[in-house]
2 protein chains.
Amino acid sequence: MALRHAVLAALLDGEYSGYQLAKIFDVSVSNFWHAVPQQLYAELARLEAEGLISGRRVIQKDRPNKRVYTVTPAGLRELERFAATAAKPGIIRENLLVMVQAVDHISAEPVIARLEERAEISAAKIEIFRRTLQRLRGDMDEETYLRHGSPVGPYLTCLRGLRFEQENLEWFQSTARLLRERAAARTEEGG
Amino acid sequence: MALRHAVLAALLDGEYSGYQLAKIFDVSVSNFWHAVPQQLYAELARLEAEGLISGRRVIQKDRPNKRVYTVTPAGLRELERFAATAAKPGIIRENLLVMVQAVDHISAEPVIARLEERAEISAAKIEIFRRTLQRLRGDMDEETYLRHGSPVGPYLTCLRGLRFEQENLEWFQSTARLLRERAAARTEEGG
DNA sequence: GAACGCATGTAAACTGTTACATGATTAT
DNA sequence: ATAATCATGTAACAGTTTACATGCGTTC
């Protein structure tokens with residue numbers, strides 16, 4: 001289980017509640033780790049019980065109270081130990097690519113529709129990544145920030161996320177176009 | 001559960017045994033779906049029980065006998081139905097990116113070592129993808145194959161896998177280089 | 001007062017991973 | 001003989017997902 005390490009890594013950035021963490025996992029962290037809110041609430045409870053994070057109650061007037069967490073020295077040691085072990089190859093699960101894999105044997109129209117849906121989502125994600133990068137580097141240019149800025153870890157992973165989504169978008173668009181052209185060519189032939 | 005659909009999509013390519021399928025999932029299909037052999041054996045049994053694939057015993061003299069499977073018309077309908085539903089966004093889990101996310105707070109050397117390990121694995125995967133693409137398109141050039149070749153689904157997903165690994169390789173290498181430079185700069189400062 | 005966003009949790013159902021087990025055949 | 005590759009499976013355990021449940025405060 002490495003969800004705990006993803007949570008610890010995300011909490012290095014500052015104090016967050018389970019709810020806030022869920023949002024972070026939905027945007028920036030989602031590039032390299034997927035988790036639903038319920039997983040996070042459960043994992044935060046376990047990490048606190050093990051002393052790897054410590055929680056602090058925050059009383060709010062305008063909203064329900066919340067519990068925010070920070071990484072303890074023991075948590076940092078756990079991350080250090082994790083980084084020393086061989087990283088397993090990443091795992092990926094993409095329903096859309098399963099559909100494309102099968103496209104020679106099933107109707108192409110629904111697959112094209114899915115590709116176009118996902119292209120829009122990708123475009124939106126690209127915008128979010130761009131803004132996150134801008135916010136992180138402030139008024140520095142990218143090269144300067146990469147050489148001297150801090151923290152550089154979140155910047156680097158966000159950069160990877162951006163490239164991944166850009167490649168996704170391009171592939172979704174070119175694949176949709178290609179499948180449409182092939183469908184049109186077959187219609188002309190057949191009709 | 002969409003492992004079943006990944007298995008069905010992979011079986012469209014031809015008749016395969018669980019063992020052969022495990023190898024296919026380890027190379028080409030691994031770009032968009034991860035599964036260990038035990039999952040495949042269990043899923044094949046379930047799919048056959050539900051009539052979505054049909055198995056056939058193949059007696060071999062030189063090796064142990066095996067059971068190969070093909071997609072039934074019911075299996076094809078199941079795939080068709082699957083393609084008509086909205087594709088959930090893909091999920092990804094990358095330990096290596098978790099480590100990079102935390103790199104400002106832990107020692108950089110082990111992280112750099114992991115990046116270099118993974119860069120080599122990526123380079124090997126890139127070679128496999130290139131050869132797979134060549135084998136699929138035979139003596140056609142890529143553009144011609146994409147327009148008129150068949151099957152185009154496996155070619156398109158393989159192309160996505162190739163691009164992904166190329167981006168990985170580039171990111172692993174540039175990130176390792178950058179972290180090494182930053183570590184060197186800090187040593188000079190501090191020493 | 002209905003809907004929405006904030007905030008957290010439990011329980012059940014489903015999936016996925018690991019360890020173990022077996023046995024054939026071929027190559028060294 | 002010993003290891004490697006082919007071939008398949010069971011059982012125990014770990015992790016993930018979904019459904020359900022609760023309640024505060026603000027906006028429409």
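Small disclaimer: the values here were computed from a predicted structure and weren't measured. Naming: A, B, ... by sequence-line order, numbering from 1 per chain.
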Chemist: Once ring-ring contact (aromatic ring centres under 6.0 Å, His included) is applied, what residue pairs with a partner in residues 54-104 of chain B remain, sequence neighbours excluded?
Modeler: H5(B)-F82(B)
Chemist: Sort and list the pairs that fulfil salt bridge (charged side-chain N to carboxylate O under 4.0 Å, His left out) and have at least one residue in residues 44-57 of chain A, not counting sequence neighbours.
Modeler: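 Passing the test, one end in residues 44-57 of chain A: R4(A)-E50(A), E15(A)-R56(A), E43(A)-R46(A), E48(A)-R67(A).
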Chemist: Please give me every residue in residues 76-87 of chain A whose heavy atoms get under 4.0 Å of an atom in DNA chain D, ordered by residue number.
Modeler: none
Chemist: Side chains of I92(B) and L97(B), heavy atoms from C-beta outward: is any pair under 4.5 Å?
Modeler: no
Chemist: Check for me, please, whether L12(A) and V100(B) land in the same ILVMFWY cluster - side-chain distances under 4.5 Å, paths through other members count.
Modeler: yes
Chemist: Give me the one residue out of I24(B), L47(B), V71(B) that meets side chain to side chain contact (heavy atoms under 4.5 Å, CB included) with V7(B).
Modeler: L47(B)
Chemist: Where do R186(B) and E189(B) land on the salt bridge (charged side-chain N to carboxylate O under 4.0 Å, His left out) test, with the steps shown first?
Modeler: CA-CA 5 Å; R186(B) 261 210 309 262; E189(B) 248 178 61; over 6 Å; no
Chemist: Using a 4.0 Å cut-off to any heavy atom of chain B, which nucleotides of DNA chain D are the first and last in contact, reading 5' to 3'?
Modeler: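 The footprint of chain B covers dT5(D) to dT18(D).
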Chemist: So if I take residues 17-34 of chain A and measure heavy-atom distances to DNA chain D, which residues fall below 4.0 Å?
Modeler: H34(A)
Chemist: Assigning hydrophobic clusters by single linkage (Ile, Leu, Val, Met, Phe, Trp, Tyr; side-chain heavy-atom cutoff under 4.5 Å), is I91(A) placed with V29(A)?
Modeler: no
Chemist: Atom OH of Y16(A) and atom P of dC6(C): how far apart are they, to the nearest Å?
Modeler: 15 Å
Chemist: Which residues pass the side chain to side chain contact (heavy atoms under 4.5 Å, CB included) test with E143(B), not counting sequence neighbours?
Modeler: D141(B), R147(B)
Chemist: Is the distance from OP1 or OP2 of dC6(C) to the nearest side-chain N or O of Q60(A) less than 4.0 Å?
Modeler: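 Looking at the OP1 and OP2 atoms of dC6(C), neither is under 4.0 Å from any side-chain N or O of Q60(A).
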Chemist: Do you reckon L136(B) sits in the same ILVMFWY cluster as L159(B), going by side-chain contacts under 4.5 Å, direct or chained?
Modeler: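 Both belong to a single hydrophobic cluster.
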Chemist: Pairs under 3.5 angstrom, nitrogen or oxygen only, protein versus nucleotides 25-27 of chain C, please.
Modeler:
unit_1	atom_1	unit_2	atom_2	d
dT25(C)	O3'	D62(B)	O	2.5
dT26(C)	OP1	D62(B)	O	3.3

Chemist: Which residue pairs satisfy the side chain to side chain donor-acceptor pair (under 3.5 Å) criterion with at least one member in residues 94-105 of chain B, sequence neighbours excluded?
Modeler: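 Listed once each, the pairs are T157(A)-Q101(B), E94(B)-R118(B).
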Chemist: Which residue pairs satisfy the ring-ring contact (aromatic ring centres under 6.0 Å, His included) criterion with at least one member in residues 106-143 of chain A, sequence neighbours excluded?
Modeler: none
Chemist: So that I can tick it off, tell me whether E127(B) and R131(B) are bridged by a salt bridge, with the cut-off set at under 4.0 angstrom between side-chain N and carboxylate O.
Modeler: yes
Chemist: Pick the closest DNA chain D nucleotide for A2(A) and for V36(A) by heavy atoms, then say which residue is nearer the 5' end.
Modeler: A2(A)
Chemist: Give every donor-acceptor pair under 3.5 Å between a side-chain atom in residues 106-113 of chain B and any protein atom, sequence neighbours left out.
Modeler:
unit_1	atom_1	unit_2	atom_2	d
S107(B)	OG	E80(A)	OE2	2.2

Chemist: Which comes earlier along DNA chain D counting from the 5' end, the contact point of K66(B) or that of A35(A), where each point is its nearest nucleotide?
Modeler: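 Per heavy-atom nearest nucleotide, the more 5' residue is K66(B).
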Chemist: Identify, residue by residue, the members of residues 90-100 of chain A with a heavy atom below 4.0 Å from DNA chain D, and return them in order of residue number, or none.
Modeler: none
Chemist: Just how far, in rounded Å, is C1' of dC14(C) from CD of E43(B)?
Modeler: 12 Å
Chemist: Atom CD of Q39(A) and atom C1' of dT8(C): how far apart are they, to the nearest Å?
Modeler: 16 Å
Chemist: Taking salt bridge (charged side-chain N to carboxylate O under 4.0 Å, His left out) as the test, write out the residues that go with E170(B), two or more places apart.
Modeler: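 If we apply the salt bridge (charged side-chain N to carboxylate O under 4.0 Å, His left out) test to E170(B), skipping adjacent residues, there are no hits.
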Chemist: Under 4.5 Å between side-chain heavy atoms, hopping through other hydrophobics if needed: is there a path connecting L146(B) to F172(A)?
Modeler: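 The answer is yes; both residues are in one hydrophobic cluster.
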Chemist: Taking C-beta and beyond as the side chain, do R137(B) and Y155(B) meet within less than 4.5 Å on heavy atoms?
Modeler: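 They are in contact (side-chain heavy atoms under 4.5 Å apart), so the answer is yes.
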Chemist: Does the side chain of Q38(B) get closer than 4.0 angstrom to OP1 or OP2 of dT17(C) through an N or O atom?
Modeler: no
